[in-house]
Structures are given as structure tokens and as C-alpha cells.
Amino acid sequence: MSGKEEQKTKKREVQSLPSSLYTEEYFLTACEGYDEFLSSEGEQLSRRLRDAFAVAAVRPGMRVLDVGCGRGEILRHCMRLGVETHGIDYAEVATRMSSDVVQAEQRSRGNGAQSRAGVCRADAKFLPYPSAYFDRVLMFDVVEHLYPWELHQALLEVHRILKPEGRFIVHTAPNRWYDQYAYPWVRRFRSLLGQGDRYPTDPRAITPVNQHVHVNEQDMLSLRRTLNAAGFQANVWLDSPPQEGSENPVVDSLRWLAFNVPPLRWFFEREVFAVAEKRGAR
């Protein structure tokens with residue numbers, strides 16, 4: 001290896017987030033869906049995870065991999081559909097939590113039919129599975145935690161292990177365009193209403209841990225380009241949590257415009273979804 005290649009490798013190693021950032025406290029106080037997990041031990045999914053899982057259209061008899069399985073609630077829901085279920089995570093605490101959920105689900109099934117399920121600690125850039133093995137690969141709220149070079153390598157691995165007719169389902173948040181372009185205007189507007197203390201300068205500071213672990217947030221176009229570069233063709237779209245409640249006619253009208261009228265909605269929608277297939281698979 002040349003000196004220049006060694007420098008590039010070392011730089012990449014430095015740019016990987018340490019797994020120690022992902023503690024049990026993180027998964028139980030900041031990671032999407034923690035309220036539902038704590039109240040139901042993974043029986044219930046948060047609105048965001050429920051919507052992402054529904055998009056996957058998992059059916060009995062499939063093989064499914066959850067990349068970045070976190071606490072393990074998606075694995076539990078896969079098992080209940082009678083699929084061969086696998087989960088990997090970079091963080092040791094996540095593999096422990098996910099294994100506990102898998103074991104709890106297996107115990108709850110008693111002597112009934114057992115879905116094959118397993119959890120292992122692994123790096124998304126080096127997936128320990130055979131080529132063309134999975135019908136579905138899920139990557140929910142992981143993309144934003146991987147530096148661009150890491151994400152590209154991880155996507156190449158997903159491409160390798162996915163069956164020719166398989167599907168790769170991605171959810172990531174926030175929409176980068178919201179943070180970069182829409183949020184400053186939201187903050188100014190809310191400050192005029194006397195609510196500026198709820199809107200810090202850096203939108204990541206709303207959930208402070210995100211300032212340390214979000215390194216690669218996406219927009220609709222960047223995620224499509226990234227998937228294309230790894231050999232996928234993808235349908236990418238935006239969505240947001242339901243905009244419930246009413247403040248006053250002016251604010252309600254502005255909110256409706258922001259979330260329903262292009263091009264405004266491209267900047268105000270908070271979440272990015274994608275369903276990808278291997279290019280030329282159909």
C-alpha cells in the first residue's frame with residue numbers, strides 16, 4: 001500500500017463514529033421510537049417506524065435483514081410474520097437489546113412454530129451474509145449516521161446480499177433541505193411569535209445527541225444519487241409526521257401550504273423514504 005493510500009485509509013478510520021456513542025441511554029431516550037418501546041417492550045412501533053415497515057411489504061417465507069437493528073422491535077415484528085429474521089448493529093449494547101427482544105418473542109411463542117432469527121454485531125460495510133440471500137433489507141434511521149464513504153460501501157454490501165428481485169427499504173431523517181433552508185425561516189417566524197427559545201440556532205440541538213451522531217443527512221435528490229451510485233434504481237419521496245392541532249387561522253394556513261404545495265413541501269417535509277431495487281432487476 002502506498003503512503004497516499006495509507007493516509008486515505010487512516011483518514012477514513014478517523015471518520016467512523018465510535019460505537020461507544022450509542023449507549024443504552026441513547027437507545028432509550030433519543031433514538032426514534034423509544035417511548036413506544038419503553039411502554040410496550042417493542043410490541044408497538046412508533047408512527048415513523050410503523051410507516052417504514054409497512055413500505056417494506058414483508059411477507060411470510062421471506063428472508064429479512066435489519067441493518068442497524070437498534071433495540072430490536074423491527075425484528076420482533078418480522079418474526080411475527082413468519083420470516084427468517086436477521087439483525088446487525090455496530091453497537092454492542094444494541095445487539096444485546098435486540099437479542100433480548102428476539103428471545104422474548106421466541107419465549108412468547110412457546111412450543112409453536114419458531115421463526116428463524118438471529119442478531120450479530122457487525123459493521124454495515126462488511127455484512128457477514130452470502131450474496132443474493134435476502135428478499136428484503138431494511139435500513140431505518142441509519143443513513144444519517146454513516147459518513148458518505150461509509151454509506152457507499154454499506155450500500156454496495158446491501159446490493160451484494162440482496163436477491164435479484166429483492167427490495168431495499170430506506171428511511172432517514174431529517175430532510176437536509178428542511179434543516180438548511182426551511183428551518184431558519186421557521187425559527188425567525190417563531191421568534192416573532194415569542195417562541196424562539198424552543199428553536200435553537202442549530203436544529204440538531206433540539207435533540208442534542210444528534211449534534212454528535214448525525215454526519216450525513218440527506219435530501220430527496222442526494223439519496224437518489226447515492227443509491228444510483230451503488231447500483232440501485234430507487235423511488236424516493238418525502239413525508240412528515242401528521243401536522244395536528246390548531247393555533248390560529250394564519251399559522252394553520254401557512255402550515256398547510258408548507259406541507260402540501262410544491263416546491264414548498266420539498267423543503268418542509270422532514271423525512272426521506274426510498275424503495276430501491278437492483279438496477280435492471282425488472
Side-chain angles (χ1 to χ4, degrees), residues 12-50 52-53 56 64-80 83-108 115-129 134 137-147 150-151 153-155 157-158 161 169-174 204-217:
R12 286 182 170 183
E13 289 174 351
V14 169
Q15 282 190 323
S16 296
L17 292 176
S19 62
S20 57
L21 289 174
Y22 300 97
T23 62
E24 185 168 352
E25 181 182 9
Y26 168 80
F27 286 110
L28 297 181
T29 65
C31 185
E32 168 64 29
Y34 66 87
D35 280 334
E36 290 80 3
F37 181 84
L38 288 170
S39 63
S40 70
E41 296 184 347
E43 296 273 352
Q44 302 297 322
L45 298 177
S46 70
R47 190 275 318 164
R48 184 192 295 180
L49 292 178
R50 185 175 65 248
F53 188 60
V64 179
L65 172 64
D66 185 11
V67 178
C69 56
R71 294 172 301 254
E73 57 261 60
I74 292 294
L75 303 180
R76 166 167 265 171
H77 285 262
C78 286
M79 292 171 68
R80 291 182 174 182
V83 305
E84 182 180 324
T85 306
H86 298 263
I88 69 107
D89 206 289
Y90 183 49
E92 183 176 359
V93 66
T95 58
R96 176 179 57 77
M97 295 174 77
S98 292
S99 295
D100 288 347
V101 166
V102 166
Q103 291 169 13
E105 178 62 23
Q106 289 173 334
R107 287 195 299 271
S108 73
S115 293
R116 182 179 173 189
V119 178
C120 70
R121 187 180 183 192
D123 190 321
K125 302 187 292 296
F126 307 100
L127 296 173
Y129 301 102
F134 289 100
V137 178
L138 317 177
M139 189 178 280
F140 299 163
D141 300 306
V142 173
V143 165
E144 64 272 20
H145 298 264
L146 300 175
Y147 283 99
E150 293 183 289
L151 179 58
Q153 180 62 38
L155 295 184
E157 277 289 271
V158 171
I161 66 171
I169 296 84
V170 179
H171 176 277
T172 180
R204 291 186 189 90
I206 296 173
T207 305
V209 69
N210 288 343
Q211 294 175 293
H212 306 291
V213 298
H214 279 199
V215 296
N216 190 19
E217 292 164 350

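The side-chain heavy atoms of E150 and S16, taken from C-beta on, include a pair separated by under 4.5 Å. Looking at heavy atoms from C-beta onward, V67 lies out of side-chain contact with E157 at the 4.5 angstrom threshold. Looking only at side-chain heavy atoms (C-beta outward), E73 and S40 stay at 4.5 Å or farther from each other. Side-chain contact between E43 and R80 is present, with heavy atoms from C-beta onward closer than 4.5 Å. I74 places a side-chain heavy atom less than 4.5 Å from the side chain of L45. The closest side-chain heavy-atom distance from R50 to E36 is not below 4.5 Å. Counting heavy atoms from C-beta on, the side chains of L75 and V101 never come closer than 4.5 Å. Using a 4.5 Å heavy-atom cutoff, the side chains of V102 and M79 are in contact.
For the side-chain hydrogen bond (donor to acceptor under 3.5 Å, both in side chains) test, no residue two or more places apart in sequence or in another chain qualifies with D100. Legend: residues meeting ring pair (Phe, Tyr, Trp, His ring centres under 6.0 Å) with Y26, ordered by chain and number and at least two apart, are Y22. Under the side-chain hydrogen bond (donor to acceptor under 3.5 Å, both in side chains) criterion, R96 pairs with E24, sequence neighbours left out. Judged as a side-chain hydrogen bond (donor to acceptor under 3.5 Å, both in side chains), and not counting sequence neighbours, T207 has no contacts. With sequence neighbours left out, H77 forms a ring pair (Phe, Tyr, Trp, His ring centres under 6.0 Å) with no residue at all. Residues forming a ring pair (Phe, Tyr, Trp, His ring centres under 6.0 Å) with F27 (at least two apart in sequence, or on another chain): none.
Between F53 and C78 the shortest heavy-atom distance is CE1-SG, 3.6 Å. Across every non-hydrogen atom of L49 and E32, the tightest pair is CD1-O, 4.0 Å. Of all heavy-atom pairs between L17 and Y90, the closest is O-CE2, 3.2 Å. Across all their heavy atoms, G68 and V142 have their closest contact at CA-CG2, 3.9 Å. Closest approach of A94 to D89, counting heavy atoms only: CB-CG, 3.4 Å. Across all non-hydrogen atoms, the minimal contact from A104 to R76 is CB-NH2, 3.4 Å.
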Item to complete: Would you sort out whether M139 and T172 count as a side-chain contact (heavy atoms from CB on, under 4.5 Å), showing the intermediate values?
Response: CA-CA 8 Å; M139 189 178 280; T172 180; over 6 Å; no
Discussion item. Please determine whether side-chain contact (heavy atoms from CB on, under 4.5 Å) holds for the pair V158 and F134, giving the CA-CA distance in whole Å, both sets of side-chain angles, and the decisive distance to 0.1 Å.
Written reply: CA-CA 9 Å; V158 171; F134 289 100; over 6 Å; no
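Counting only distance, with no hydrogens or angles, the side chain of T95 and the backbone of C120 share no donor-acceptor pair below 3.5 Å. The backbone N or O of D141 sits nowhere less than 3.5 Å from a side-chain atom of R48 that would complete a donor-acceptor pair. No side-chain donor-acceptor contact under 3.5 Å links S19 to the backbone of A91.
Atom-to-atom distance recorded for S99:OG and Q106:CD is 9.5 Å, nearest 0.5 angstrom. Atom CG of residue L65 and atom CD1 of residue I161 lie 5.0 Å apart, to the nearest 0.5 angstrom. Distance check, rounded to the nearest 0.5 Å: NE2 of H145 to CG of N216 gives 10.5 Å.
Around atom CD of E92, no more than 12 heavy atoms belonging to other residues, nucleotides or ligands sit under 6.0 Å away. The local environment of CD in E144 is crowded, with over 12 non-hydrogen atoms from other residues, nucleotides or ligands closer than 6.0 Å.
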